[in-house]
There are 2 protein chains.
Amino acid sequence: MHTAGGRPRPPTIHDVAREAGVSRGTVSRVLNGGRNVSTAARDAVEAAILRTGYVVNRHARSLITGRSDSVGFLLTEPQERFFEDPNFNVLLRGCTEALAAHDVPLLLMIAGTEAERRRITRYITAGHVDGVLLVSSHSGDPVAVRLREAGVPLVACGKPIGQGTKVSYVAAADRDGAREMVQYLLSLGRRRVGTVTGPLDTPGGVERLAGYREVLAEAGLGADDRLIANGDYSRASGEAAAERLLAEAPDLDAVFVASDLMAQGVLAALQRAGRRVPEDVAVGGFDDSPAALATQPPMTTIRQPWGRISAEMVRVLLAQIGGEDPAAVILPTELVHRASA
Amino acid sequence: MHTAGGRPRPPTIHDVAREAGVSRGTVSRVLNGGRNVSTAARDAVEAAILRTGYVVNRHARSLITGRSDSVGFLLTEPQERFFEDPNFNVLLRGCTEALAAHDVPLLLMIAGTEAERRRITRYITAGHVDGVLLVSSHSGDPVAVRLREAGVPLVACGKPIGQGTKVSYVAAADRDGAREMVQYLLSLGRRRVGTVTGPLDTPGGVERLAGYREVLAEAGLGADDRLIANGDYSRASGEAAAERLLAEAPDLDAVFVASDLMAQGVLAALQRAGRRVPEDVAVGGFDDSPAALATQPPMTTIRQPWGRISAEMVRVLLAQIGGEDPAAVILPTELVHRASA
DNA sequence: CTGAAAGCGCTTACAG
DNA sequence: CTGAAAGCGCTTACAG
């Protein structure tokens with residue numbers, strides 16, 4: 001029997017039961033872990049499944065279990081930034097694969113506009129997804145708040161600002177990573193070390209700046225606001241920030257940049273200003289994204305363990321869907337030494 | 001009433017019917033287009049929907065309609081390349097948004113290994129998805145073949161090689177775009193114009209090379225294989241290809257590169273060899289991906305209309321799911337003039 | 001360990 | 001135009 005489109009109607013649990021000579025209940029039991037099933041019955045059912053090519057109908061299952069057996073991957077930042085950001089790819093790929101290993105499909109959702117935010121919130125709270133992997137570190141994200149209030153299992157990438165301890169998250173040790181880079185820059189003999197920060201309403205922006213400040217203070221180098229310029233993680237903002245730094249602190253001899261993409265922009269500004277990297281100004285990035293390999297010279301940077309981050313996000317989310325309490329996971333970073341510093 | 005997780009059990013069509021004082025059948029009718037429903041009934045139902053916050057249970061609907069009302073976005077190339085490729089982001093975002101406008105969720109699927117290919121093929125042919133947006137232009141892709149044989153609605157990004165006319169696709173006018181770039185390079189007075197091709201088992205690779213050859217022949221410039229080097233769309237392959245070009249044809253004065261990412265690599269090799277761009281060697285890319293803006297100098301390139309490509313892919317796929325025949329859509333490209341040529 | 005039965009929330013002919 | 005009813009393919013107490 002075929003539908004209009006020519007796709008054959010797949011076998012159901014009923015076909016398998018007939019083929020195996022058991023009841024549909026028994027088939028369902030072997031499908032769901034095989035508790036309370038005799039070996040003979042299980043074998044017969046498994047053989048029948050192979051013979052018929054049976055695949056469970058997820059809609060029927062979901063209808064009765066109330067679970068969708070799928071999760072959402074939700075972007076709530078202004079999309080441009082994310083899609084420009086090479087980290088996004090790594091994270092998305094990692095999550096897709098980790099989920100696939102559990103046979104859980106990933107639904108991609110982009111909440112760029114207010115209308116989309118409303119639509120997606122309704123979609124999620126209606127239970128069309130069992131939980132969500134949230135990529136939005138901006139504080140006061142209304143979607144995150146609404147989802148949390150609705151009791152939707154949630155795990156954020158990066159510590160959500162101002163959400164208390166109620167929401168799970170997985171993050172790299174931002175402050176430690178920043179500390180390591182700035183210490184390294186100092187170990188090179190640099191003394192006028194500037195920084196280009198991320199957005200200060202994101203945990204990465206705040207923590208990396210804090211790490212920078214701590215190390216300078218510990219080294220006895222006084223705070224100097226002329227050495228600090230804000231960026232928004234985009235390449236263009238890094239370029240603009242570097243120009244400001246150059247104008248306000250021309251004696252700059254190193255810069256710690258809070259993302260590789262911004263560091264690309266910093267490199268461009270430095271080259272335009274005739275400063276050699278690393279001879280005149282050493283540049284350290286953050287992320288170890290693909291962008292770090294595309295620069296001239298290749299970028300010395302702090303590696304974020306994206307593979308582990310995505311795997312942990314999935315693990316924590318699945319656990320929470322299974323009834324466990326929220327959890328926070330912090331993963332160590334690593335200095336990757338290349339040529340820019 | 002709440003489930004264990006604390007999520008409220010959403011209202012059903014039954015609640016809406018009671019609230020509106022009609023039968024469940026009538027509610028369903030207004031939900032599904034409102035044919036054969038009186039204005040009074042429709043108004044009552046719509047008011048009841050608002051009041052109850054009703055959202056359709058897609059699983060129940062799918063169980064009966066046999067449709068999943070979702071589509072897959074399937075990557076079957078070796079993943080590394082795709083995830084390195086900035087075009088991927090643009091395409092994925094465009095498709096997600098175009099689908100969202102139709103309220104159709106996108107499932108992201110990555111078929112990197114043979115095991116994943118098998119699992120995903122089963123998943124799709126089991127009907128868990130109504131159709132798939134296929135990103136794989138390599139010839140002989142086994143997943144594409146199996147899906148087509150199973151009658152799954154499919155639309156590819158780029159013309160699938162060797163699949164006949166049975167499968168829908170949306171593509172940019174690769175050959176015309178290549179022609180325009182090479183003509184432009186010639187108009188600059190360049191006479192030793194090389195090219196770095198894409199993989200020659202992809203339509204983009206083949207067509208862009210063909211455009212290059214045509215224009216040179218039309219200009220009366222004889223074919224010279226030393227001016228042609230193959231790449232695989234990756235940055236590193238562009239760098240290696242440029243080195244070969246420089247070794248075999250040191251008098252090179254322009255290069256048409258079949259992707260911006262490869263062109264990044266070409267720029268690096270050229271700079272290392274001490275050639276100025278564009279003074280000594282003019283470089284033209286292809287894609288107008290974000291990579292084209294990140295280079296020094298910014299890249300002159302051929303813009304692929306990604307927004308339209310993704311919108312058309314979605315349109316054609318949805319039409320096909322609705323019963324229409326396959327279709328091919330070719331979209332024009334555009335020369336974007338920047339500083340590298 | 002196993003079968004019969006109820007029911008998940010919807011859609012869709014079928015009568016009227 | 002509308003209601004009553006069947007049924008989509010599953011899971012899960014409930015008996016036995």
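Naming convention: chains lettered A, B, ... in sequence-line order (proteins, then strands); numbering from 1 in each chain.
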| N or O in side chain of Ser28(A) less than 4.0 angstrom from dT11(D) OP1/OP2 | yes
| request: Round to a whole Å and report the spacing from CD1 of Ile13(B) to P of dT12(C). | output: 11 Å
| field | Residue Leu31(A), side-chain atoms from C-beta onward, closest of dG9(D), dT12(C), dT11(D) | value | dT11(D)
| Nucleotide dC8(C), atom P - distance to NE2 of His14(B) in whole Å | 10 Å
Just the atom pairs and distances: protein N or O near nucleotides 2-6 of chain C's N or O, under 3.5 Å.
unit_1 : atom_1 : unit_2   : atom_2 : d
dT2(C) : OP1    : Ser38(A) : OG     : 2.8
dT2(C) : OP2    : Ser38(A) : N      : 2.9
dT2(C) : OP2    : Ser38(A) : OG     : 3.2
dG3(C) : OP2    : Ser23(A) : N      : 3.0
dG3(C) : OP2    : Ser23(A) : OG     : 2.9
dG3(C) : OP2    : Thr26(A) : OG1    : 2.8
dG3(C) : N7     : Arg29(A) : NH2    : 3.2
dG3(C) : O6     : Arg29(A) : NH2    : 2.5

| With a 3.5 Å cut-off and no angle check, do the side chains of Thr52(A) and Asp15(A) form a donor-acceptor pair? | no
| Would you call Arg315(B)-Glu312(B) a salt bridge at under 4.0 Å N-O? | yes
| said: In whole Å, I'd like the distance from the CG atom of Asp69(A) to the P atom of dC8(C). | reply: 19 Å
| Quick one: Leu63(A) CG to dT12(D) C1', roughly how many Å, whole number? | 14 Å
| field | Where DNA chain C forms stems, i.e. three or more consecutive Watson-Crick or G-U pairs with both distances under 3.5 Å | value | C:1-3 with D:14-16, C:5-12 with D:5-12, C:14-16 with D:1-3
| field | Min side-chain heavy-atom separation Asn57(A)-Thr12(A) under 4.5 Å | value | no
| said: Without decimals, in angstroms, what is the distance between Arg67(A) CZ and dC8(C) C1'? | reply: 13 Å
| said: Between Arg117(A) and Glu114(A), does any NZ, NE, NH1 or NH2 come within less than 4.0 Å of an OD or OE carboxylate oxygen? | reply: yes
| said: Expressed as a whole number of angstroms, how long is the span from Asp15(A):CG to dG9(D):P? | reply: 9 Å
| message | Applying the side chain to side chain contact (heavy atoms under 4.5 Å, CB included) criterion to Leu74(A), which one of Leu133(A), Val143(A), Leu154(A), Leu107(A) satisfies it? | response | Val143(A)
| query | Given that Ala60(B) and Asn32(A) both sit by DNA chain D, which one's nearest nucleotide is further toward the 5' end? | reply | Ala60(B)
| query | Once you round it to whole Å, what is the distance between C1' of dC10(D) and NE2 of His128(B)? | reply | 12 Å
| task | Please list, chain by chain and in numerical order, all residues satisfying ring-ring contact (aromatic ring centres under 6.0 Å, His included) with Tyr123(B), sequence neighbours excluded. | result | His128(B)
| field | Integer-rounded Å distance: dG7(D) C1' and Asn57(A) CG | value | 13 Å
| Taking 4.0 angstrom as the limit, do Glu116(B) and Arg119(B) come out as a salt bridge? | no
| message | Donor-acceptor pair, distance only, cut-off 3.5 Å: does the side chain of Ser62(B) make one with the backbone of Arg58(B)? | response | yes
| request: Would you check if the side chain of Asp130(A) reaches a backbone N or O of Val71(A) as a donor-acceptor pair within less than 3.5 Å? | output: no
